[in-house]
Protein chains: 2
Amino acid sequence: MATMSDQTRDQTRDQTSDDVRDPDLVAVQEGPEAASELTRPAGLDRDKILQAAVDFIDEEGLAALTMRRLGSTLGVEAMALYRYVPGREDLLDGVVDRVVETLWDDEDGDDVYIGDHSGWQDYLVRLAHGMRRIALAHPAVFPLVASRPPAAPWVRPPLRSLRLVESFLGTLHDGGFPDQAAVAAYRAYSSFLLGHLLLEVTQIGAQVSLLDQPEGDPQAQKETDFAEYPNLARTEPLLGQDKSAAEFEESLENLLDRLDRLLHEAKNSGGDVGDL
Amino acid sequence: MATMSDQTRDQTRDQTSDDVRDPDLVAVQEGPEAASELTRPAGLDRDKILQAAVDFIDEEGLAALTMRRLGSTLGVEAMALYRYVPGREDLLDGVVDRVVETLWDDEDGDDVYIGDHSGWQDYLVRLAHGMRRIALAHPAVFPLVASRPPAAPWVRPPLRSLRLVESFLGTLHDGGFPDQAAVAAYRAYSSFLLGHLLLEVTQIGAQVSLLDQPEGDPQAQKETDFAEYPNLARTEPLLGQDKSAAEFEESLENLLDRLDRLLHEAKNSGGDVGDL
DNA sequence: AGGATGGCGTTTACGCCGTAAACGAGCGGG
DNA sequence: CCCGCTCGTTTACGGCGTAAACGCCATCCT
């Protein structure tokens, strides 16, 4: 597994060979905010609560997050949170928003910052890597990003942030996509990103839960399974292998090719694309 | 390549305006099991409980499902369920399994039954439509299929059922895929299916929740949004449009083309595919 | 026949949950 | 000085998942 020590520099989209480093794994640096936190929480605010919730989910999992426990990590009773957050559900929405917003915050050189870009393909690649970085940084939070209803009911997830959808559509529009094609591209892109990243973080979760469940005689279990499932048995080592980064690049590239085709078809037919 | 030529034949179910019929929308018929149920539950068993849970989630949503409420729909106290189900989490796993197993049950003509097929492309198309039918029949259950950890930790979701993965790998193996390529295909296929269907059912959920939230002055809300988000404003009618079926076919076809390419590359290099 | 047995649903109870409501403690401005 | 405001606490309630004890009743052995 490539935990990678090295940064990315050029990051042109041609990485599919087999010893792929995984630049999306580099951590997002925390804000230099550590003053005197152990001594005193120094007063609550909504942002502090949301950050604490993100951290909590990362460490303990979504199921373990309760208002009381979250409060206690902040040195406060549960009810104190309700002055800043309407309730648990809204808190989760806030967590999603906060995590997605980091797309704009941590520019971190040249990879993730999506405000400035050269061309829609560059934009889509940056956005994809930005989202993937978020997913890998917060694997337990990401399913929330995918499953919460969108902010506006008529916009489809998983991007959820109106700001993000707006920037997406605007970029494609500027790139020459007629509206119809831009929307089709948005959906194809969303579903690709959602599917790949959800699969990837779920795998991470499964690996983790594998570690803390080494219970009674898994050998017998294995053998019975394998008897019924010869193909599974034969490919088990391959199934366990992690080539997520390479597969991600491959699929992303393929999608971009597809969108490129879509763009040219739309242009040639004068923007009158009836179907996808 | 273009494997969708045969398709379905009749299926008049025309619902999404334009031109696209959506055969996956036809309901799966319930078993002819309705004897005297209102008079007496006639005794619990695990299957009855799981079916009741599926129905409950379909009608009330996952969040509303509690042991007490589920019990009461069966005319029974909550604790009675524990004789057949170890706990709530296991019940949810059971729900997922039961729903996925219907892939084999309801053959229903020629579209969904995946045991018998002619070639791997046919199989993948049938499987995709089968899964989509399940997703559309149980939109509130499907996110569960996607987010539960897999049955074996080293197999990645969303298919989750070992039986299904086994049949997938076996079919591709028979179709000439070397193991490495079959596994790559499994992952690409899984992530496509997961992404598309999750997006689609989430949209259904959003539409539903739109209906029961017609609250205070949405007009003002709209205008403020639109001021900040011109591209969203312009494309709103397009974003709301439902072309899921067409987009599904398009993406599926594209994926099959990609897998076909993968197969031939793998064959030409003698099964020695280093990367995807 | 009659008592033991064991399957199955109920009752009771416990601790944790989200959160409504009332309650102070501290503080800055008239 | 004390009013009123901000902000965290206390108390309380109903619902949750579920452990444990408790009937009830059909069946079976003798």
Side-chain angles (χ1 to χ4, degrees), chain A residues 35-57 59-96 140-141 144 147-149 209 213 215, chain B residues 35-57 59-96 140-141 144 147-149 209 213 215:
Chain A
S36 63
E37 285 186 357
L38 290 180
T39 64
R40 200 51 215 317
L44 250 31
D45 65 18
R46 184 181 161 89
D47 246 35
K48 230 172 286 186
I49 291 176
L50 292 181
Q51 183 57 53
V54 171
D55 295 344
F56 191 100
I57 297 173
E59 280 161 38
E60 316 273 349
L62 176 58
L65 180 72
T66 71
M67 300 301 277
R68 287 177 225 259
R69 289 211 265 252
L70 178 57
S72 88
T73 73
L74 287 161
V76 122
E77 298 299 315
M79 289 311 295
L81 307 176
Y82 283 84
R83 207 167 288 274
Y84 306 92
V85 161
R88 185 176 192 262
E89 292 301 297
D90 314 79
L91 178 118
L92 294 182
D93 283 341
V95 162
V96 169
V141 174
L144 230 47
S147 64
R148 293 255 123 192
S209 75
Q213 288 191 16
E215 53 184 287
Chain B
S36 63
E37 285 186 356
L38 290 181
T39 64
R40 202 50 216 317
L44 251 33
D45 66 18
R46 184 180 160 91
D47 245 36
K48 229 172 287 187
I49 291 176
L50 292 182
Q51 184 55 55
V54 170
D55 294 344
F56 191 100
I57 296 174
E59 281 161 37
E60 316 273 350
L62 177 58
L65 179 72
T66 71
M67 299 302 276
R68 287 177 226 258
R69 290 211 265 252
L70 177 58
S72 89
T73 73
L74 288 161
V76 120
E77 297 299 314
M79 287 312 293
L81 307 176
Y82 283 85
R83 207 166 288 276
Y84 306 92
V85 161
R88 184 175 193 263
E89 291 301 297
D90 313 78
L91 178 118
L92 294 182
D93 283 341
V95 162
V96 170
V141 175
L144 228 49
S147 64
R148 294 254 123 191
S209 75
Q213 288 192 15
E215 53 183 287

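Just so you know, these numbers come straight off a predicted model, no measurement behind them. Atom set for the values below is all heavy atoms of this structure, side chains included, hydrogens, waters and symmetry mates excluded. Order of the sequence lines fixes the chain letters, A, B, ..., with proteins taken first and strands second; residue numbering starts at 1 for each chain.
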Please examine the side chains of B:Leu81 and B:Leu70, heavy atoms only from C-beta on, and report whether any two atoms are closer than 4.5 Å. yes

Tell whether A:Arg68 reaches the base of C:dG18 with its side chain through a donor-acceptor pair below 3.5 angstrom. yes

Rounded to whole Å, the CG-C1' distance (B:Leu70 to D:dC16) equals 14 Å

Measure CG/A:Leu74 against P/D:dT9 and give the value in whole Å, please. 11 Å

Give one of base, sugar-phosphate or nothing for B:Met67, where a contact means two heavy atoms less than 4.0 Å apart. sugar-phosphate

For atom CG of B:Leu81 and atom P of D:dA19, their distance in whole Å: 13 Å

In whole angstrom, give the distance that lies between atom CG of B:Asp45 and atom C1' of C:dG9. 15 Å

Between B:Glu89 (CD) and D:dC16 (C1'), how many Å, whole number? 13 Å

Take the protein atom CG of A:Leu65 and the nucleotide atom P of C:dC16, then report the distance between them rounded to whole Å. 17 Å

What distance separates B:Ile49 CD1 from B:Arg83 CZ, expressed to the nearest 0.5 Å? 11.0 Å

Quick one: B:Ile49 CD1 to C:dG9 C1', roughly how many Å, whole number? 11 Å

Which comes earlier along DNA chain C counting from the 5' end, the contact point of A:Ala64 or that of A:Arg83, where each point is its nearest nucleotide? A:Ala64

May I ask you to evaluate whether B:Tyr84 reaches the phosphate of C:dG9, defined as a side-chain N or O under 4.0 Å from OP1 or OP2? yes

How many angstroms lie between atom CD1 of A:Ile57 and atom CG of A:Leu92, to the nearest 0.5 angstrom? 6.0 Å

Out of C:dG9, D:dT18, D:dG8, which nucleotide sits closest to the side chain of B:Val76? C:dG9

Determine the minimum heavy-atom distance between A:Tyr84 and A:Arg46, stating which atoms define it. O-NH1, 3.6 Å

From CZ of A:Arg69 across to C1' of C:dG15 the rounded distance in Å is 12 Å

Could you tell me if the side chain of B:Gln51 sits less than 4.5 Å from the side chain of B:Asp55, heavy atoms only? yes

With the side chain of B:Met79 defined as its heavy atoms from C-beta on, choose the nearest nucleotide among D:dG17, D:dA20, D:dT10. D:dA20

From D:dG17, C:dT19, D:dT9, pick the nucleotide closest to the side chain of A:Arg88? C:dT19

On DNA chain D, more 5' by nearest nucleotide between A:Ala80 and B:Thr66 is A:Ala80

